[in-house]
*Asks:* 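This is the structure I have questions about; it appears just below.
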There are 2 protein chains.
Amino acid sequence: MKDLVSRCPIEEVMQIMSGRWPTLLIYYLKQGTKRFSDLRRDNPTISHKMLTLELRKLEDAGIVERTEFEGYPLRVEYDLTSAGLKLVPLLDALGNWWETVEAGPAHASTSPVKLSQK
Amino acid sequence: MKDLVSRCPIEEVMQIMSGRWPTLLIYYLKQGTKRFSDLRRDNPTISHKMLTLELRKLEDAGIVERTEFEGYPLRVEYDLTSAGLKLVPLLDALGNWWETVEAGPAHASTSPVKLSQK
DNA sequence: CAGAATCCCTGCCGATACTG
DNA sequence: CAGTATCGGCAGGGATTCTG
């Protein structure tokens, strides 16, 4: 998912939000200010590297704000920007929609979606 | 992006919608019934294989409906399900939100998001 | 503690060829 | 025409090490 094939805003958002981590990070950040290590605790499966990369991406997108404090040990805080806060209800709407799909008649007799879930 | 790390519906949706193609396919399918070759024409950069895989995924998710017709040459039609139709306005909302972010004050002096765009 | 840099491997996805 | 099957390259992302 590198280049865009159209100049569609939806495609641009998906470029940001695609993947496992962006929505999760937003979910935890909406609980309030978090430090790097907090976010690591929140989801222990993300690697150190991915956390920094994803946070950087969200920061560049204007969704997350990064505040650095002087002194030792280093300390950085992350918050949702106002734009990021406005995003939250939209994601919730998506989640609600999905729950109706899962329970809906579309899969009356079949199992929902097959997701490899080790 | 294989396994889920939480039982959050948002994460489940993203499992489906992540990547370059799902939103694009939905975008074209909302124009009405499409055949396999129509969708290939709509976005020429998707590979034969990916198109079938993505369509299958959306079908399993209950977003797209596949109708097969007997006879030669084979003929298959794709439509959005009612659930898929309900998804469209949500994606539009995301797109609109993004446009406000891009134009917003978050990047007053910096360039928007850096996307590799060859 | 936050994160930059390096190495390395897995799995995604493209190309090609074949079936109904 | 629509779809499977197989192979292979390459990039996404994990583990580790190093700096401020």
Side-chain angles (χ1 to χ4, degrees), chain A residues 1-5 11 14-25 28-29 33-61 64-79 114-118, chain B residues 1-5 11 14-25 28-29 33-60 64-79 113-118:
Chain A
M1 260 254 318
K2 273 202 139 185
D3 311 320
L4 297 173
V5 307
E11 196 184 353
M14 292 311 294
Q15 186 113 345
I16 308 286
M17 304 297 299
S18 272
R20 170 164 29 182
W21 306 118
T23 49
L24 274 179
L25 294 182
Y28 285 116
L29 281 173
T33 301
K34 296 267 185 179
R35 300 181 49 180
F36 190 86
S37 42
D38 292 330
L39 291 170
R40 289 221 70 188
R41 255 186 301 281
D42 284 335
N43 34 23
T45 64
I46 193 173
S47 75
H48 196 137
K49 177 187 175 185
M50 285 314 294
L51 182 52
T52 59
L53 288 179
E54 297 293 321
L55 282 173
R56 209 64 82 201
K57 185 172 70 174
L58 292 176
E59 187 192 354
D60 289 343
V64 162
E65 186 182 17
R66 199 184 99 105
T67 317
E68 191 167 332
F69 296 87
E70 293 297 327
Y72 261 51
L74 238 56
R75 193 179 142 213
V76 179
E77 290 186 350
Y78 292 93
D79 288 282
K114 273 191 200 154
L115 298 176
S116 54
Q117 191 161 5
K118 118 175 55 164
Chain B
M1 260 257 316
K2 271 202 139 187
D3 311 318
L4 298 173
V5 307
E11 195 184 354
M14 291 314 294
Q15 186 113 344
I16 308 287
M17 303 298 296
S18 273
R20 172 161 29 184
W21 305 118
T23 49
L24 275 178
L25 294 181
Y28 285 116
L29 281 172
T33 301
K34 297 267 184 177
R35 300 182 50 180
F36 190 86
S37 43
D38 293 330
L39 292 170
R40 290 220 68 187
R41 257 187 299 282
D42 284 335
N43 33 22
T45 63
I46 194 174
S47 74
H48 193 138
K49 180 185 174 185
M50 284 314 294
L51 183 52
T52 58
L53 287 179
E54 297 293 320
L55 283 173
R56 210 64 81 200
K57 184 173 69 173
L58 292 175
E59 187 193 355
D60 288 343
V64 162
E65 186 180 18
R66 200 184 98 104
T67 318
E68 191 166 331
F69 295 88
E70 293 296 326
Y72 261 48
L74 238 55
R75 192 178 144 214
V76 179
E77 289 186 351
Y78 292 93
D79 288 282
V113 185
K114 274 189 198 156
L115 298 177
S116 53
Q117 189 159 9
K118 114 174 57 164

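Throughout, protein chains are lettered first and strands after them, A, B, ... in sequence-line order, and every chain is numbered starting at 1.
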*Asks:* Measure across Ile46(A) and Met50(A) and return the closest heavy-atom pair with its distance rounded to 0.1 Å.
*Replies:*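 In this case the closest contact between Ile46(A) and Met50(A) is CG1-CB, 3.8 Å.
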*Asks:* Do Arg41(A) and Asp38(A) come within less than 4.5 Å of each other through their side chains, counting heavy atoms only?
*Replies:*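 The answer is yes; the side chains approach within 4.5 Å.
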*Asks:* Nearest-Å distance, CG (Leu53(B)) to P (dT4(D))?
*Replies:*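 For the pair Leu53(B) CG and dT4(D) P, the rounded distance is 9 Å.
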*Asks:* Which whole-number value in Å describes the distance from Glu77(A) CD to dA2(C) C1'?
*Replies:*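 Taking CD of Glu77(A) and C1' of dA2(C), I get 13 Å after rounding.
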*Asks:* For Arg40(B), answer base if it contacts any base atom (sugar-phosphate contacts may also be present), sugar-phosphate if it contacts only those atoms, and nothing otherwise; contact means non-hydrogen atoms under 4.0 Å.
*Replies:*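 It contacts nothing in the nucleic acid.
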*Asks:* Starting from P on dA2(D), measure out to CG on Leu55(B) and report it in whole angstrom.
*Replies:*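 The distance from CG of Leu55(B) to P of dA2(D) comes to 11 Å, rounded to the nearest Å.
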*Asks:* For the residue pair Met14(A) and Arg20(B), establish whether any side-chain heavy-atom pair is separated by less than 4.5 Å.
*Replies:*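 No - every pair of side-chain heavy atoms lies 4.5 Å or more apart.
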*Asks:* Report the distance from atom CD of Gln15(A) to atom P of dG12(D), rounded to the nearest whole Å.
*Replies:*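 After rounding, the reported distance stands at 11 Å.
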*Asks:* Could you check how far CZ of Phe36(B) sits from C1' of dC1(D), rounded to whole Å?
*Replies:*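 Rounded to the whole Å, the gap is 9 Å.
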*Asks:* Roughly how many Å is it from CZ in Arg75(A) to C1' in dG20(D), rounded to a whole number?
*Replies:*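 Going from Arg75(A) (CZ) to dG20(D) (C1'), I get 17 Å.
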*Asks:* Do the side chains of Leu25(B) and Leu51(B) get nearer than 4.5 Å, heavy atoms only?
*Replies:*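 SC-SC contact between Leu51(B) and Leu25(B) confirmed.
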*Asks:* Are any of Arg35(A)'s side-chain N or O atoms less than 4.0 Å away from OP1 or OP2 of dC1(C)?
*Replies:*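 The answer is no; no side-chain N or O of Arg35(A) sits under 4.0 Å from OP1 or OP2.
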*Asks:* Quick one: on DNA chain D, does Glu54(A) or Leu74(A) contact a more 5' nucleotide (nearest heavy atom)?
*Replies:*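 By nearest-heavy-atom nucleotide position, the 5'-most residue is Glu54(A).
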*Asks:* Checking all strands, does Tyr78(A) fall into the base, sugar-phosphate, or nothing category for heavy-atom contacts under 4.0 angstrom?
*Replies:*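 It contacts sugar-phosphate atoms only.
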*Asks:* Do any N or O atoms of the protein come closer than 3.5 Å to N or O atoms of nucleotides 14-17 of chain D, and which pairs are they?
*Replies:*
unit_1  : atom_1 : unit_2   : atom_2 : d
dG14(D) : OP2    : Ser47(A) : OG     : 3.1
dG14(D) : O6     : Lys49(A) : NZ     : 2.3

*Asks:* Side chain of Arg56(A): nearest nucleotide among dA4(C), dG3(D), dC1(C)?
*Replies:*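 Between dA4(C), dG3(D), dC1(C), the one nearest the side chain of Arg56(A) would be dA4(C).
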*Asks:* Looking at dA2(C), I'd like to know if its phosphate oxygens (OP1 or OP2) sit under 4.0 Å from a side-chain N or O belonging to Thr52(A).
*Replies:*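 Looking at the OP1 and OP2 atoms of dA2(C), neither is under 4.0 Å from any side-chain N or O of Thr52(A).
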*Asks:* Write down the atom of Leu29(A), the atom of Val64(A), and the distance for their closest heavy-atom approach.
*Replies:*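 Here Leu29(A) and Val64(A) meet closest at CD1-CG2, 3.6 Å.
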*Asks:* Checking Arg66(B) against Leu55(B) for the side-chain contact (heavy atoms from CB on, under 4.5 Å) test, could you report, in this order, the C-alpha distance in whole Å, the side-chain angles of both residues, the deciding distance, and whether it holds?
*Replies:* CA-CA 9 Å; Arg66(B) 200 184 98 104; Leu55(B) 283 173; over 6 Å; no
*Asks:* Quick one: which of dT4(D), dA2(C), dC1(D) gets closest to the side chain of Pro73(B)?
*Replies:*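 Within the option list, the nearest is dC1(D).
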*Asks:* Got Glu77(A) and Glu68(A) here, is their nearest side-chain heavy-atom distance under 4.5 Å?
*Replies:*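 The answer is no, as the side chains (C-beta and beyond) never meet within the 4.5 Å cut-off.
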